[in-house]
Amino acid sequence: MIPASFDYVRAGSAEEAVAALVEHGDEAKVLAGGHSLIPMMRLRLAVPEVLVDITEAGLAGITDAGDHLVIGAATTHHDVATDKVIETHCGVLAHVAATIGDPQVRHRGTIGGGLAHGDSAGDLPAVLLALEGTMVVQGPGGRRTVPASEFFVDYLETAVAADELLVEVHVPKLDDSWGWDYQKFTRVAQAWATVGALALVSSNGTISDARVGLTHMGSVPIRASATEAALAGQSTDAIADAAARAADDTDPPSDLNADADFRRHLATVLSRRALEAAVG
Amino acid sequence: MQVNVTVDGTAHSNEAEPRQLLVQHLRETLGLTGVNVGCDTSNCGACTVHLDGRSVKSCTVLAVQADGHEVTTIHGLATDETTEDGWHPLQTAFHEEHGLQCGYCTPGMIMAAADLLAENPDPSEEEIRDGLEGNLCRCTGYVNIVRAVQAAAAAGNGDGSSVSAHQAEEVSA
């Protein structure tokens, strides 16, 4: 299976990439690690006329910016998973990145690609939602910041316009009060999550802030807001009852791996396990 | 487009269509047919090679993306393919521990294992199984593959010396 023909542009900087996107508009797609895009192109599910390759545009790297970390969009999952600064200040992100795909996928796939692809079955959106991270998007008019809560618009659709490029991901530093866990259910080892639940909890016996991000429970990644509300100010004894509400107001897809009812069941069980591990 | 790539220590310069996959470039342009195409869908890992020292699935990388970079294939591991003394420790270990039956997954399995041992010279069984998560074998049931990687790690005295000189240079680069 070979992709349809396309023109290839290797961008040497974010500005060059944006210029190419402005020139080619909807006909162009951004290529980073390619581990979602190239398989789709091989199946002819995506047939872009131009690929703008940003792997050599100087967009990889991790910077400590005081109260938050700045992660370049072309930073690989492997580098996110093994970086000491991320491990120290935002361990939950390293933990989730280490569960993506398999080692070869993590050597090529990038944090920006995983987010800009906008697949609610991907692992990164849930953790960015729970972290309340922000995305920096560069377009012809300069840069703008988009909160994670506004980034995912619909299935495979994000707030990044056709002439824009996701250039940075910002995540807050977490202090020692935070615990976390990510639980995902897969049919086979390297498969996409049938459902995933990311718990991020700040507690000292009493829960001051509980955040639950859900993977593959709708057309976009979401937070389990009913569960979160039921935990604020409570003791950890409230987890089981709160997690039972994880699927409230969700509209999960049905497919060959799981129907919607099974997904709702998984969301409650995985949220309970993740919350218990996060405070344990 | 012109693709300049160093493969197994030899510099090559060839024309490639942008849509040509790295695995096709290695097999069809350079004749390195030890790099197998298995599933054709980025799952099975039979096409695994090293790109700048890290394992990648060459069916999911464009040949033009390897321009200016270094690739190591299964052909580049042995110091002398014609004699067992010249084999890479992983090749010897897969042979001695019966880490293959049909052999189709073996080149990718060995390349993934070589990267695993370069990063972690003394892995536990669990770490080996996690490290080979991206490589499917439909014959062995994996037991002898894990044994082979353990044997190669032991042969390297747990200090990474099981990694060939060429590969060690790449990893440190």
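Residue numbering restarts at 1 for every chain, and letters A, B, ... go by the order of the sequence lines. Hydrogens, waters and symmetry mates play no part in the numbers below; they use all other heavy atoms, side chains included.
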Testing the basics here: between [X] and [Y], what is the closest heavy-atom pair and its distance to 0.1 Å?
| X | Y | result |
| --- | --- | --- |
| A:Ala162 | A:Leu21 | O-CB, 3.7 Å |
| A:Thr194 | A:Ala258 | CG2-CB, 3.5 Å |
| B:Leu136 | B:Arg138 | CD1-NH2, 3.8 Å |
| A:Arg106 | A:Ala98 | NH1-O, 3.2 Å |
| A:Gly33 | A:Thr110 | N-CG2, 3.9 Å |
| A:Ala94 | A:Glu87 | CB-OE1, 3.9 Å |

Using non-hydrogen atoms and a 4.5 Å limit, figure out which bit of [X] sits close to chain A: side chain, backbone, both or neither.
| X | answer |
| --- | --- |
| B:Thr48 | side chain |
| B:Asn43 | both |
| B:Leu62 | both |
| B:Gln24 | side chain |

Among the options A:Met41, A:Arg108, A:Arg42, pick out the one with the most heavy-atom pairs lying under 4.5 Å from chain B.
-> A:Arg42
Can you tell which of A:Val188, A:Val105, A:Asp7, A:Leu31 has the highest number of heavy-atom pairs within less than 4.5 Å of chain B?
->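 Most pairs with chain B among the choices: A:Leu31.
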Under 4.5 Å from any heavy atom of chain B, what part of [X] do you find: side chain, backbone, both or neither?
| X | answer |
| --- | --- |
| A:Leu43 | neither |
| A:Leu51 | side chain |
| A:Ala4 | backbone |
| A:Thr55 | side chain |

Of B:Asn4, B:Asp52, B:Thr6, the residue whose pairing with B:His69 passes side-chain hydrogen bond (donor to acceptor under 3.5 Å, both in side chains) |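 Result for side-chain hydrogen bond (donor to acceptor under 3.5 Å, both in side chains) with B:His69: B:Asp52.
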Do you see a donor-acceptor pair shorter than 3.5 Å between the side chains of B:His25 and B:Glu17?
-> no
Hey, which of B:Thr41, B:Leu116, B:Val37, B:Val64 has the most heavy atom pairs under 4.5 Å with chain A?
-> B:Val64
